[in-house]
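Counting from 1, the numbers follow the sequence of the chain as shown.
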Amino acid sequence: MSIIKPSIKPSEAEVEILQILWDEQPCSVRRVHEAIADSKDVGYTTILKQLQRMQDKGLVTREQGEGKAFLYTASQPEGQTQSKLLGRLMKTAFRGDVNELVMHALGDASASGEDLEAIKDFIAQIESKGDA
């Protein structure tokens with residue numbers, strides 16, 4: 001199993017493929033292509049090439065499936081990749097300022113009452129861990 005290099009962070013197109021894999025892995029190229037083709041015009045060979053590049057980068061692994069098909073699996077869990085992407089965003093777009101990131105996210109999003117309650121509960125959990 002290949003290990004993702006710490007410096008490798010997936011592009012937007014790679015994240016789109018990873019999201020499919022996290023939901024349905026292992027997946028064939030055909031399945032990934034079908035899922036992406038539902039929302040945009042993209043060729044089968046484009047998806048194949050992207051998955052091959054992702055394998056070279058250590059973002060996915062592949063195993064032999066039925067016949068000539070290969071099955072692809074994400075190398076890292078979704079949460080781990082999300083943390084890396086969030087860290088990159090916070091460092092580059094918000095200069096490491098967590099407060100700016102959160103305020104910007106909440107200001108641009110249409111958070112429901114349920115969302116805000118969940119956020120308050122999460123903050124309370126963080127605060128209680130600090131008191132322990």
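Of the options L48, I47, L51, a side-chain contact (heavy atoms from CB on, under 4.5 Å) to H33 is made by I47 and by none of the others.
Listed for the D115 side chain is a donor-acceptor partner under 3.5 Å among the backbone atoms of S112.
Residues passing the salt bridge (charged side-chain N to carboxylate O under 4.0 Å, His left out) test with E34 are R31, sequence neighbours excluded. Taking T45 as the reference, nothing meets the side chain to side chain donor-acceptor pair (under 3.5 Å) condition, with sequence neighbours excluded. Take E78 and apply the side-chain contact (heavy atoms from CB on, under 4.5 Å) test, not counting sequence neighbours, and it matches W22, Q82. Scanning for side-chain contact (heavy atoms from CB on, under 4.5 Å) contacts around E14 gives P10, S11, Q50, M54, K57, L59, with sequence neighbours left out. T73 pairs by the side-chain contact (heavy atoms from CB on, under 4.5 Å) definition with Q25, P26, T61, not counting sequence neighbours. Judged as a side chain to side chain donor-acceptor pair (under 3.5 Å), and not counting sequence neighbours, D97 has no contacts. Residues meeting the salt bridge (charged side-chain N to carboxylate O under 4.0 Å, His left out) test with E117, sequence neighbours left out: K120. Under the rule for a side-chain contact (heavy atoms from CB on, under 4.5 Å), K91 has no partner lying at least two apart in sequence or in another chain.
More than 12 heavy atoms of other residues, nucleotides or ligands lie within 6.0 Å of CZ in R88, so this atom counts as buried by the packing criterion. Shown here is D41, whose CG atom has no more than 12 heavy atoms of other residues, nucleotides or ligands within 6.0 Å.
The line from OG of S75 to CD of Q55 is 8.5 Å long, rounded to the nearest 0.5 Å. Distance CD1/I36 to CD/Q19: 9.5 Å, rounded to 0.5 Å. The OG atom of S128 sits 12.0 Å away from atom CD1 of I123, with the distance rounded to the nearest 0.5 Å.
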Check against side chain to side chain contact (heavy atoms under 4.5 Å, CB included), V102 and I119: CA-CA 11 Å; V102 172; I119 292 167; over 6 Å; no

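With a 4.5 Å cut-off on side-chain heavy atoms, K84 and Q76 count as touching.
Put simply, I17 and Y44 are part of the same group of oily side chains (I, L, V, M, F, W, Y) that touch within less than 4.5 Å, one to the next. When hydrophobic clusters are built by joining Ile, Leu, Val, Met, Phe, Trp and Tyr residues whose side-chain heavy atoms come closer than 4.5 Å, directly or via intermediates, L86 is not grouped with M103.
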Residues 63-72 side chain polar contacts: donor-acceptor under 3.5 Å, at least two apart:
unit_1, atom_1, unit_2, atom_2, d
Q64, NE2, G67, O, 2.7
Q64, NE2, A69, O, 3.2

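Applying the ring pair (Phe, Tyr, Trp, His ring centres under 6.0 Å) rule to pairs touching residues 95-125 yields F94-H104, sequence neighbours excluded.
Through direct or indirect side-chain contacts shorter than 4.5 Å among Ile, Leu, Val, Met, Phe, Trp and Tyr, L85 is connected to V15.
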